[in-house]
Amino acid sequence: MDTVDFYRKLQQHEELKKVVGSNLKTNCLNLKEDTKNASDFTSAQQVISEVYVALLSSFEGEANEALVQRLKENATILTNATENRSAFLRSIKTK
């Protein structure tokens, strides 16, 4: 391999690194945004809260207490899911 071939291959390698790097960066940003949008709990939490308030006000006595217990369990599950999502997103390392 002569010097011209060496520099041509080196230049091709550098161009390939630039193209692959920019594509990878774009794909990572898209993945990050898609993950964020797919796990956005804000609007879901608002709807769930409104439904729960309506349900809670329609029950009395033991039925109300059972509903409160069930809501507490669901809130715990939702909180754990939110914390697990945050932990998962923090575990993804980007450069």
Side-chain angles (χ1 to χ4, degrees):
M1 175 186 300
D2 64 352
T3 308
V4 174
D5 288 340
F6 174 77
Y7 284 112
R8 188 178 320 132
K9 287 190 183 231
L10 183 63
Q11 184 179 10
Q12 289 173 345
H13 179 70
E14 292 299 319
E15 290 173 6
L16 181 62
K17 277 180 25 180
K18 287 179 186 177
V19 170
V20 170
S22 66
N23 286 339
L24 182 61
K25 183 176 181 178
T26 301
N27 289 337
C28 285
L29 290 174
N30 290 341
L31 178 62
K32 182 178 179 181
E33 189 64 29
D34 290 346
T35 304
K36 179 181 175 187
N37 291 337
S39 55
D40 182 20
F41 292 112
T42 306
S43 59
Q45 283 177 325
Q46 183 177 0
V47 170
I48 291 169
S49 296
E50 291 171 2
V51 170
Y52 283 166
V53 167
L55 277 173
L56 202 55
S57 63
S58 66
F59 288 92
E60 295 178 359
E62 288 183 16
N64 186 290
E65 291 173 14
L67 183 60
V68 168
Q69 179 61 31
R70 182 67 181 180
L71 294 177
K72 181 181 175 185
E73 292 169 4
N74 288 342
T76 302
I77 291 170
L78 182 61
T79 302
N80 290 341
T82 304
E83 290 171 359
N84 290 342
R85 173 192 167 267
S86 297
F88 172 72
L89 292 177
R90 283 192 306 270
S91 71
I92 298 173
K93 296 183 180 180
T94 57
K95 289 186 177 186

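In this text, all values refer to a predicted model and were calculated from it rather than measured experimentally. Heavy-atom basis, side chains included; hydrogens, waters and symmetry copies ignored. Numbering of residues begins at 1 and proceeds along the displayed sequence.
Shown here are the side chain to side chain contact (heavy atoms under 4.5 Å, CB included) partners of E15, two or more places apart in sequence or in another chain: Q11.
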In sequence, state the C-alpha distance, the side-chain angles, and the governing distance for K17 and H13, and then conclude on side-chain contact (heavy atoms from CB on, under 4.5 Å). CA-CA 6 Å; K17 277 180 25 180; H13 179 70; 3.5 Å; yes
Can you check side-chain contact (heavy atoms from CB on, under 4.5 Å) on N80 and E83, steps first, answer last? CA-CA 5 Å; N80 290 341; E83 290 171 359; 4.0 Å; yes
Evaluate D2 against D5 for side-chain contact (heavy atoms from CB on, under 4.5 Å), listing each step before the verdict. CA-CA 6 Å; D2 64 352; D5 288 340; 3.0 Å; yes
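Heavy-atom neighbours of E14 CD from other residues, nucleotides or ligands within 6.0 Å: above the threshold of 12.
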